[in-house]
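Down below is the structure, laid out as structure tokens.
Numbering of residues begins at 1 and proceeds along the displayed sequence.
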Amino acid sequence: MKNSLFIICAALFVFACGDQKIDTSKAKAEMEAREIKKVSEAQILEEAMKLGRKISADFHLSARPDAKSETYIFNISYGPDSLFEKDHYFFDDPRDLEGKALQVFEAYLYNSNHGIRSEENLQSLESDRTLLYTKPMLANDTTEVGMWAIKIPKKTVVLNIKN
């Protein structure tokens with residue numbers, strides 16, 4: 001009885017230890033993703049700006065005159081879907097903005113009213129877990145008419161940083 005049990009266990013061991021090669025690259029990538037990273041605030045901001053530029057490169061706004069009135073009809077496009085919260089705010093309609101997002105919007109509006117060219121911006125929101133990337137919204141690539149906004153989780157930014 002002991003001999004047969006020993007033979008069965010030995011046979012199972014031999015079959016389990018075949019010469020199959022195991023692809024460990026996925027496991028290694030998963031372990032590296034979970035590895036604790038020490039990054040500076042400057043690295044986080046730099047990477048968030050790169051990410052914001054990349055996402056916002058697909059934002060488009062075109063304006064055409066409305067034949068029935070003296071207004072314009074705007075066509076807004078955000079490009080491909082992503083996991084990020086994207087929005088736009090026209091100068092005449094800030095909607096539900098508050099806190100730092102509202103302050104940045106008001107700065108863009110002030111610049112527009114005074115003929116000052118606005119630049120892209122990155123702010124840490126009150127929760128400190130989210131970054132707000134903004135850039136001026138241009139109608140037909142010439143006139144500032146509002147602000148594009150993207151909320152980027154800091155965790156996503158840190159995971160994007162390659163050490």
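Contact check for Leu125 versus Leu131: no side-chain heavy atoms found under the 4.5 Å cut-off. Side-chain contact between Leu132 and Ile150 is absent, with no heavy atoms from C-beta onward closer than 4.5 Å. No side-chain heavy atom of Leu61 sits less than 4.5 Å from a side-chain heavy atom of Leu138.
When the ring-ring contact (aromatic ring centres under 6.0 Å, His included) test is applied to Phe84, no partner is found at least two apart in sequence or on another chain.
The number of heavy-atom neighbours closer than 6.0 Å to CD of Glu85, taken from other residues, nucleotides and ligands shown, is 12 or below. Taking a 6.0 Å sphere around CZ of Arg95, one finds it holds more than 12 heavy atoms contributed by other residues, nucleotides or ligands.
To the nearest 0.5 Å, atom CH2 of residue Trp148 and atom NE2 of residue His60 are 8.5 Å apart. Rounded to the nearest 0.5 Å, atoms OG1 (Thr130) and NZ (Lys100) are 11.5 Å apart. Taking CG from Leu51 and CZ from Arg53, the interatomic distance works out to 11.0 Å, rounded to the nearest 0.5 Å.
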Where do Glu119 and Lys135 land on the side chain to side chain contact (heavy atoms under 4.5 Å, CB included) test, with the steps shown first?
-> CA-CA 6 Å; Glu119 298 291 330; Lys135 79 178 208 179; over 6 Å; no

Step by step, work out the side chain to side chain donor-acceptor pair (under 3.5 Å) result for Asn121 and Gln123.
-> CA-CA 7 Å; Asn121 191 315; Gln123 296 288 321; 3.0 Å; yes

Is there a side chain to side chain contact (heavy atoms under 4.5 Å, CB included) between Ile161 and Ile44 once you walk through the steps?
-> CA-CA 8 Å; Ile161 296 173; Ile44 292 172; 4.3 Å; yes

Kindly indicate, with the supporting measurements, whether the criterion side chain to side chain contact (heavy atoms under 4.5 Å, CB included) is fulfilled by Ser124 and Lys154.
-> CA-CA 9 Å; Ser124 182; Lys154 264 191 180 178; 4.2 Å; yes

Evaluate the criterion side chain to side chain contact (heavy atoms under 4.5 Å, CB included) for residue pair Met137 and His88; output intermediate values, then yes/no.
-> CA-CA 8 Å; Met137 184 188 320; His88 66 282; 3.2 Å; yes

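For the pairing with Leu45, the side chain to side chain contact (heavy atoms under 4.5 Å, CB included) check across Met49, Glu41, Glu47, Gln43 returns one residue only, Glu41.
Shown here for Ala48 and Leu122, the closest heavy-atom pair between the two residues is CB-CD2, 3.6 Å. Ser118 and Pro136 get closest at one heavy-atom pair: O-CG, 3.5 Å.
The hydrophobic cluster containing Phe105 also includes Tyr89, Phe91, Leu97, Leu102, Val104, Tyr108, Leu109, Met147, under a criterion of side-chain heavy atoms closer than 4.5 Å among ILVMFWY residues, counted directly or through chains of members.
Salt bridge Asp87/Lys151: absent, no basic N to carboxylate O contact under 4.0 Å.
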